[in-house]
Amino acid sequence: MSNKYRTHNCNELRKEHVDSDVVLSGWINKKRDHGNLLFIDLRDNYGITQCIIDKENLNFKEIEKIQLETVIRIEGKVVNRSNDTINNEIKTGEVEVGIKNFKVLGTCKELPLPVFSDQEYAEDIRLKYRFLDLRRKKIHENIILRSKVITFIRNEMNNLGFLEFQTPILTSSSPEGARDFLVPSRLNPGKFYALPQAPQQFKQLIMVSGFDKYFQIAPCFRDEDARSDRSPGEFYQLDLEMSFVEQEDVFNVVEKLLLNTFKKFSNKKILFEKFPKITYKDAMLKYGSDKPDLRNPLIINDITGIFLRDDVKFEIFKKLVKSGSMVRCILTKNTKDKPRSFFDNIDKWAKEQGTSGLAYFTFENEKELSGKGPVGKFFSKESLEEIMKLTGAEVGDSIFLACSKQKELEKITSLARDKIAQDLNLINNDVFAFCWIVDYPMFEIDDTNNKIEFSHNPFSMPQGNLENINFDKPLDILAYQYDIVCNGVELSSGAIRNHIPNLMYKLFSIAGYKKEVVDEKFSGMINALSYGAPPHGGIAPGIDRIVMLLADEKNIREVTMFPMNQNAQDLMMNAPSEVSEKQLKELDIYLKTKK
RNA sequence: GGGGGUGUAGCUCAGUUGGUUAGAGCGAUCGCCUGUCACGCGAUAGGUCGAGGGUUCGAGUCCCUUCACUCCCGCCA
């Protein structure tokens, strides 16, 4: 490509171009002004080319004064660099362009943040001037990576026989799940559309419509609070759904897709080529979480039984256990020589998390087996042997103990598992550890009001032979519901769907929804399922999180082009914003709070 | 809604026990410099110490209130 702005881009010129006349356009990345000799690093999307001019040139005085990040067009001749001035850091480093003529194409004011710098900047400035921030090397490359990953995934899905369809953005509000973003309808005063939290019902309807395999890089909207791995407002999923499949069929497709993607875009080793399957129940016990980081070798054990023994004198825990608490522990290998401060810091940290802290001791065998540390003396030799049997502990290992009710216990042991592994430097950052979490319960109980609720997706198929499901014990019903986790990040969530209307009504009734309510709120779905619905299932991996892992970033905004801040504001575009009285009137909306 | 962290020059930060006129690097402006690639050297400008209140002879520093950003909990079927 050659036009009035450029004959080459800023990453193209090599030795073979020496002596040719070229035109380059780009941003002034950096100037090095020697007074009578000036170097300009010209940058575009593709790379950097060093351009040079000296005082013999009539343009010298003028070009010397130009601000960094000004866009200029340069005419010049490609010249060789002498051996001692070759720059191997850049692709064009063997040559440079001797400037003959130049023109300013876009002027630049004094910069609110430097583009040429690896420093980190306050988030609000970066977001307000995102167009400048995006010029910076690391994030520029992240966004390009994101584009390439999406293209790759799209190709893979096409090759696997999936068809890409768009689904509506303006749809109806649904009672389950996250808060909806609402859009008022002008033509239907008093009524609202909702932005889709995910194309869940639509993708099932696509299956009912007979399309067999669907995918979409789908925008999803949820009005919930942000986290470092969770954008407020909107994010993207690789939404996919397949007809006439069992759970394993979905697993095979997604495992292959993720393996191919992660191998192509990262050099990190994949720890398990065949993703291990962990039941939800096991995950909550062994890792305290349904998104365990399997790079972390620490395992949680339940040793509640120990505290029923008469030869254990740890009265605080024993009393709590009698009133229904449990005791779980984390074992650290060969930590007998760690300083007291190591243990106390972890206990202190646990207290800062709002818990009663972590007790600990080390297994010792001086004269005979004993527990060393503040609570070690409470355990008899026999009880220590029993603990060693239960946990696989050996002399020289230490053990951290937490005692609490189940939910709180899971939370603190999960956090402690991460914290201890970090302190002991046990996590290998050069690997990806995938796993499936399977056998989610269909329902869970809400502590605050003792109400039975869907634990994940109300459209999931319960496990077991339909005649044998015991609906009287809803908390025991498992679902064909699964998650993929990688390095402790929840990557996707999916299920084999319930395509049987009567079973759907039954499950909704357990969660407290009458048939009429289901008919009204899920009319499209439930109606469609009554007209010959195929068995089907799918999953929806989060695109942003996949790219975040591939780019080795800890924050999702580093792989999002124009993210909102934590308060769901776009500081560059000033969204959300107030609207005119006229707009509100047309929508039949009256604001309660007025200035 | 709750908890933690941060807030000092355009940017990144330092600022001791409360004590004189609040500093550095980068950037900006001006000058010198013909082989740099984080060029070098010299000078100048640039501050509501997030905001408000309080304690004190004296507050960037201590106390209270508040705001912004961020991390976490809740929330995210």
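Any value given below was found using the heavy atoms of this structure, including those in side chains, with hydrogens, waters and symmetry copies removed. Below, read A as the first sequence line, B as the second, and so on, with proteins coming before strands; counting in each chain starts at 1.
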Please write out the pairs of protein N or O atoms and N or O atoms of nucleotides 2-8 of chain B separated by less than 3.5 Å, giving the distance to one decimal.
none

Using a heavy-atom cut-off of 4.0 Å across all strands, would you classify A/Asn555 as base, sugar-phosphate, or nothing?
sugar-phosphate

Can you give one letter per nucleotide of nucleotides 24-34 of chain B, going 5' to 3': B for a protein heavy atom under 4.0 Å from the base, S for sugar-phosphate only, - for none?
---BS----BB

Residue closer to the 5' end of RNA chain B, A/Glu224 versus A/Asn567 (nearest nucleotide):
A/Asn567

Residues from residues 473-490 of chain A lying under 4.0 Å of RNA chain B - heavy atoms
none

Just the dot-bracket of RNA chain B, please: which string comes out with Watson-Crick or G-U pairs under 3.5 Å, [ ] for crossing, | for another strand?
(((((((..((((.....[...)))).(((((.......))))).....(((((..]....))))))))))))....

Does A/Arg32 put a side-chain nitrogen or oxygen below 4.0 Å from OP1 or OP2 of B/U36?
no

Using a 4.0 Å heavy-atom cut-off, does A/Thr85 contact any base of the nucleic acid, only the sugar-phosphate backbone, or nothing at all?
base

Would you say A/Asn565 reaches B/A68's phosphate, i.e. side-chain N/O to OP1/OP2 under 4.0 Å?
no

With hydrogens left out and only the distance checked, is there a donor-acceptor pair under 3.5 Å joining A/Asp84's side chain and the base of B/G35?
no

Closest nucleotide among B/U36, B/C76, B/A68 to the A/Asp124 side chain:
B/A68

Applying side-chain contact (heavy atoms from CB on, under 4.5 Å) to A/Pro576 and not counting sequence neighbours gives A/Gln569

Considering residues at least two apart in sequence or located in another chain, which fulfil the side-chain contact (heavy atoms from CB on, under 4.5 Å) criterion with A/Asp418?
A/Asn296

Between A/Phe454 and A/Glu89, whichever has its closest RNA chain B nucleotide further toward 5' is A/Glu89

Base, sugar-phosphate or nothing for A/Pro112? Non-hydrogen atoms, less than 4.0 Å.
sugar-phosphate

